[in-house]
Novice: 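Starting off with a structure, shown below.
Ligands are counted one by one from 1 in listed order, and the atoms in each one are counted from 1 as well. Bear in mind that the values here come from a model prediction, so they are computed numbers and not experimental data.
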Amino acid sequence: MNTDSFVFSKRLIKNFHTVWRAPSNIALVKYWGKYGVQLPKNPSISFTLSNCVTTTEVSFFPNDKKKYPTFEFYFNKKERPDFHPKINQFFDYILPYFPILKDHHLVISSINSFPHSSGIASSASAMAALALCVVDFEKQFHPELGEQDFFKKASFLARLGSGSAARSIKGPLTLWGKSPAFQNSSDLYAIPFESGIHPVFKSYCDTVLIVDRGKKKVSSSVGHQLMQDHPFAVNRFDQAHKNCELLKSVLKTGDIEHFIEITESEALSLHSMMMTSRPRYILMQPNTLSIINKVWEYRVQTKIPISFTLDAGANVHLLYPVNESDKVITFIKSNLLHYCQSGQFIEDQVGEGAKKM
Ligand code: PMV
């Protein structure tokens with residue numbers, strides 16, 4: 001795999017300041033299992049969100065040539081050295097592509113629109129926003145960098161921070177990972193979904209029911225590793241490939257029935273992988289299952305096409321067309337709130353992707 005085109009070799013230094021806002025995303029076909037440096041074992045497709053966002057401001061100051069980049073990190077206006085290991089690892093990974101980082105001191109300040117303790121992973125939006133700031137800096141020396149290449153490189157760098165962050169650059173849907181069904185697809189970066197999207201999916205809603213606000217007992221990094229000698233890995237990767245292909249036509253035609261079938265199956269397959277790995281573990285909680293059962297009952301009774309998907313955690317993402325919002329929110333408030341920790345839920349919707357502020 002040739003990554004030479006991603007190397008930025010100019011060694012100029014200067015002051016620069018930029019601010020980017022990047023959204024979170026929710027996978028419809030899940031990425032679970034990786035190889036090399038943050039490369040996916042199977043392609044994945046996600047909805048880009050609009051309300052759950054990270055806004056990151058970076059100031060670059062010339063610094064005497066150092067061996068490593070130096071930085072300060074502020075989260076919600078407070079200095080947070082506890083985030084340094086994650087950012088240091090990201091800088092280690094991107095340094096070969098961006099060596100001038102060593103010639104600068106960075107002051108990074110991030111704010112999340114969603115509560116930090118909501119159990120919603122913020123690494124995708126956070127890494128995407130930081131990667132965009134870095135590529136924006138590069139563009140100052142490289143004005144010929146076109147829009148498409150700018151976002152491709154941002155996705156490439158974001159991936160090195162957190163795999164799913166590669167999908168948090170563009171919207172409303174993105175595909176990450178090589179798939180024979182999608183021209184221009186790559187394991188290195190995500191691409192905007194260009195195969196035609198039915199209008200119903202461009203405004204789809206995702207309401208996140210917060211079942212558990214705490215930190216996950218088993219991290220996603222460990223989960224990805226456990227796929228390495230997982231007894232069902234080959235079949236799982238094959239299933240994800242097929243589901244990407246199936247979802248491609250479903251998203252184009254607006255076939256919600258099959259959308260539900262594919263995405264709910266993906267969510268449960270992801271959790272089945274966790275339950276059948278060695279060691280085995282369960283991230284769903286009793287309230288996760290209660291919500292799923294209630295959603296299934298409600299769908300049968302009302303014919304409202306509401307469905308669920310899950311991330312690597314206990315929270316439930318409810319997916320439904322925007323024209324059903326009023327009814328679904330009433331249903332959530334009257335039937336599902338007592339399964340949510342402190343009655344917390346977050347309303348979100350498919351969005352257009354990251355923005356410079
Ligand atoms: O990006 P990571 O390494 O945190 O992995 C994310 C994996 C899932 O969220 C479970 C699935 C996905 O495709 O986003």
Novice: To check your reading of the model: name the closest protein heavy atom to atom 11 (C) of ligand 1, its residue, and the distance in Å.
Specialist: Tyr31 O, 3.5 Å
Novice: Would you check the N or O atoms of Arg167, main chain and side chain alike, for any that come under 3.5 Å of an N or O of ligand 1?
Specialist: yes
Novice: Identify the closest protein heavy atom to atom 3 (O) of ligand 1: which residue and atom is it, and at what distance?
Specialist: His224 NE2, 3.2 Å
Novice: Under 4.0 Å from any heavy atom of Asp311, which atoms of ligand 1 are there?
Specialist: 8 (C), 9 (O), 10 (C)
Novice: Less than 4.0 Å between a side-chain N and a carboxylate O, is that true for Lys170 and Glu352?
Specialist: no
Novice: Do side-chain atoms of Ser155 reach the backbone of Lys152 as a donor and acceptor pair under 3.5 angstrom?
Specialist: no
Novice: Between Arg299 and Glu264, is there a side-chain N and carboxylate O pair less than 4.0 Å apart?
Specialist: yes
Novice: Any idea which atoms of ligand 1 are less than 4.0 Å away from a heavy-atom of Gly163?
Specialist: 1 (O)
Novice: Among protein heavy atoms, which sits nearest to atom 1 (O) of ligand 1, and what does the distance come to when rounded to 0.1 Å?
Specialist: Ser164 OG, 2.6 Å
Novice: Can you sort out which atoms of ligand 1 are near Trp32, meaning under 4.0 Å from one of its heavy atoms?
Specialist: 7 (C), 10 (C)
Novice: Between Lys139 and Glu147, does any side-chain N to carboxylate O distance fall below 4.0 Å?
Specialist: no
Novice: Below 30° counts as parallel, above 60° as perpendicular, anything between as tilted: where do the rings of Trp32 and His224 land?
Specialist: tilted
Novice: Is the NZ or CZ atom of Arg236 both under 6.0 Å from the centre of the six-membered ring of Phe232 and within 45° of that ring's axis?
Specialist: no
Novice: Could you list which atoms of ligand 1 come closer than 4.0 Å to a heavy atom of Ala312?
Specialist: 10 (C)
Novice: Take a 6.0 Å sphere around CG of Asp326 and say whether it holds more than 12 heavy atoms from other residues, nucleotides or ligands.
Specialist: no
Novice: For ligand 1, is any non-hydrogen atom under 4.0 Å from Ala27's backbone (N, CA, C, O), its side chain (CB onward), both, or neither?
Specialist: side chain
Novice: Between Ser44 and ligand 1, is there a nitrogen or oxygen pair with a distance under 3.5 Å?
Specialist: no
Novice: Is any N or O atom of Lys30, backbone or side chain, closer than 3.5 Å to an N or O atom of ligand 1?
Specialist: no
Novice: Is the charged tip of Lys153 near the ring of Tyr189: under 6.0 Å from the six-membered ring centre and within 45° of its axis?
Specialist: no
